[in-house]
Amino acid sequence: MKPVKVVVNDLMQQNYVYWRTEPPGRNFHPDFHPELTPPELLELGVFGGKYLTDCRGEFPEAWFARARLCHEFHDPELNCFGVNASQPLSVWRARGWIHPDDPRGWFQWYCRYFLGRRGPDDERQIRRHRGMIRHLAQLRRAAAVEGPFCRPVQRQALLHWAYDSRKI
């Protein structure tokens, strides 16, 4: 694949340049197995519909055809489970979870990775994604006792990390 240069100019990044060196949705790290693609996540309803609303030009228009978005504010009712499962970006920054290449966080990293960017933060982000497995185990145990509709906040949080918690 011939590398594709991407120049980003949005509310959070100006003249940020990266290269897509892999085909979209292919050649992922062997330890990275997301269950949902970025367009599937946007269609299901993640991050209260506020995510990526000012930077659509960077991503394929098809991703937004069925996306549940709210340009004005974070609306938990747009989330798949109708609950707020997000922390403010200020919390993510304070905890050191934000890399300068992806100022919006993990999902921005995942969208860019999915489209073929590979970079210096990949290993850390993949470790963070894999760290959510403990929540899957907790949810499976709880669902066995509490029923299939238990813990909507935890289910929504897992969706944010591309784990399909609807299957549990």
Side-chain angles (χ1 to χ4, degrees), residues 3-26 28 32-122 124-126 128-129 131-132 135 151-166:
V4 176
K5 181 180 180 179
V6 178
V7 180
V8 177
N9 287 294
D10 60 34
L11 292 177
M12 297 185 80
Q13 288 180 306
Q14 292 295 306
N15 297 314
Y16 170 69
V17 176
Y18 70 88
W19 293 87
R20 294 177 181 164
T21 58
E22 297 292 339
R26 313 266 303 213
F28 286 5
F32 186 51
H33 306 283
E35 296 175 347
L36 297 163
T37 66
E40 289 172 329
L41 291 167
L42 291 167
E43 182 177 342
L44 282 172
V46 289
F47 305 104
K50 187 64 179 137
Y51 217 96
L52 304 182
T53 57
D54 74 303
C55 57
R56 290 175 58 158
E58 179 183 347
F59 304 104
E61 188 58 34
W63 285 17
F64 300 96
R66 300 179 70 150
R68 298 165 91 178
L69 300 176
C70 181
H71 297 277
E72 293 79 33
F73 57 90
H74 177 276
D75 183 356
E77 291 185 19
L78 291 176
N79 285 339
C80 180
F81 294 98
V83 297
N84 184 7
S86 298
Q87 294 178 327
L89 189 56
S90 60
V91 170
W92 288 67
R93 288 178 180 142
R95 293 187 177 170
W97 294 337
I98 300 294
H99 189 277
D101 287 346
D102 301 306
R104 298 169 197 270
W106 185 86
F107 187 60
Q108 183 177 43
W109 170 85
Y110 176 42
C111 290
R112 291 171 170 174
Y113 187 90
F114 185 89
L115 288 174
R117 182 190 72 178
R118 299 297 180 265
D121 199 33
D122 293 353
R124 182 184 73 98
Q125 294 290 19
I126 291 167
R128 294 179 68 225
H129 175 262
M132 293 301 289
H135 291 283
R151 300 189 180 192
V153 173
Q154 195 168 31
R155 287 176 183 277
Q156 185 67 42
L158 283 163
L159 273 184
H160 291 181
W161 288 85
Y163 287 102
D164 194 349
S165 59
R166 299 171 301 166

Exercise. Heavy-atom count around Arg66 CZ within 6.0 Å, excluding the residue itself: above 12?
Worked result: no
Exercise. Under 3.5 Å, side chain of Asp75 to main-chain N/O of Cys70, donor-acceptor pair present?
Worked result: no
Problem set entry | Minimum side-chain heavy-atom gap Phe47-Leu52 below 4.5 Å | no
Seminar exercise, completed: Minimal heavy-atom distance between Trp106 and Arg128, with the atoms involved, is CB-NH1, 4.0 Å
Problem set entry | From Phe64 atom CZ to Thr53 atom OG1, the distance as rounded to the nearest 0.5 Å | 9.0 Å
Exercise. Could you give the distance from CZ (Arg20) to CZ (Arg118), rounded to the nearest 0.5 Å?
Worked result: 11.5 Å
For this session: Kindly indicate, with the supporting measurements, whether the criterion side-chain contact (heavy atoms from CB on, under 4.5 Å) is fulfilled by Arg56 and Leu69.
Result: CA-CA 11 Å; Arg56 290 175 58 158; Leu69 300 176; 4.0 Å; yes
Exercise. Between Arg117 and Asp102, is a side-chain contact (heavy atoms from CB on, under 4.5 Å) present by the stated rule, with each step listed?
Worked result: CA-CA 12 Å; Arg117 182 190 72 178; Asp102 301 306; 2.7 Å; yes
Exercise. So do Asp101 and Asp121 actually touch side chain to side chain, heavy atoms under 4.5 Å?
Worked result: no
Exercise. Do the side chains of Phe28 and His33 get nearer than 4.5 Å, heavy atoms only?
Worked result: no
Exercise. So do the side chains of Tyr113 and Glu22 get within less than 4.5 Å of each other, counting heavy atoms only?
Worked result: no
Problem set entry | Side-chain (Asn9) to main-chain (Asn15) donor-acceptor, under 3.5 angstrom | yes
Exercise. Between Cys80 and Arg166, which heavy-atom pair has the shortest distance, and what is it?
Worked result: SG-CD, 4.1 Å
Exercise. Could you state the interatomic distance from SG (Cys55) to CD (Gln13), rounded to the nearest 0.5 Å?
Worked result: 8.5 Å
For this session: Taking all heavy atoms of Ser165 and all of Leu158, pick out the closest pair and write down the distance.
Result: CB-CB, 4.1 Å
Exercise. Do you know the tightest heavy-atom contact between Ala85 and Ala157?
Worked result: CB-N, 3.7 Å
Exercise. Taking the side chain as C-beta and beyond, is there a heavy-atom pair between Glu40 and Glu35 under 4.5 Å?
Worked result: no
Problem set entry | Side-chain heavy-atom pair Met12, Leu89 within 4.5 angstrom cut-off | yes
Problem set entry | Val83/Arg155 under side-chain contact (heavy atoms from CB on, under 4.5 Å): CA gap, chis, key distance, verdict | CA-CA 10 Å; Val83 297; Arg155 287 176 183 277; over 6 Å; no
Exercise. Charged N to carboxylate O under 4.0 angstrom, Arg104 versus Asp10?
Worked result: yes
Exercise. Is there a side-chain contact between Phe59 and Cys111, using heavy atoms and a 4.5 Å cut-off?
Worked result: yes
Exercise. Below 4.5 Å, heavy atoms only, C-beta onward: do Val17 and Val6 meet side chain to side chain?
Worked result: no
Seminar exercise, completed: Taken to the nearest 0.5 Å, the spacing of Leu42 CG from Leu78 CG works out to 11.5 Å
Problem set entry | Result of checking Phe32, Trp97, Phe114 against Trp109 for ring pair (Phe, Tyr, Trp, His ring centres under 6.0 Å) | Phe32
Exercise. Are there more than 12 heavy atoms of other residues, nucleotides or ligands under 6.0 Å from atom CD of Glu77?
Worked result: no
Problem set entry | Nearest-0.5 Å distance, CD of residue Gln125 to CZ of residue Arg112 | 11.5 Å
For this session: Indicate the atoms forming the closest heavy-atom contact of Pro60 with Leu115, along with that distance.
Result: CD-CD1, 3.8 Å
Exercise. What heavy-atom pair brings Gln156 and Gly45 nearest, and what distance separates the two atoms?
Worked result: NE2-O, 2.9 Å
Exercise. Is the side chain of His160 donor-acceptor paired with the backbone N or O of Val46 at a distance under 3.5 Å, no angle test?
Worked result: no
Problem set entry | Evaluation steps, side-chain contact (heavy atoms from CB on, under 4.5 Å), between Tyr51 and Leu41 | CA-CA 11 Å; Tyr51 217 96; Leu41 291 167; over 6 Å; no
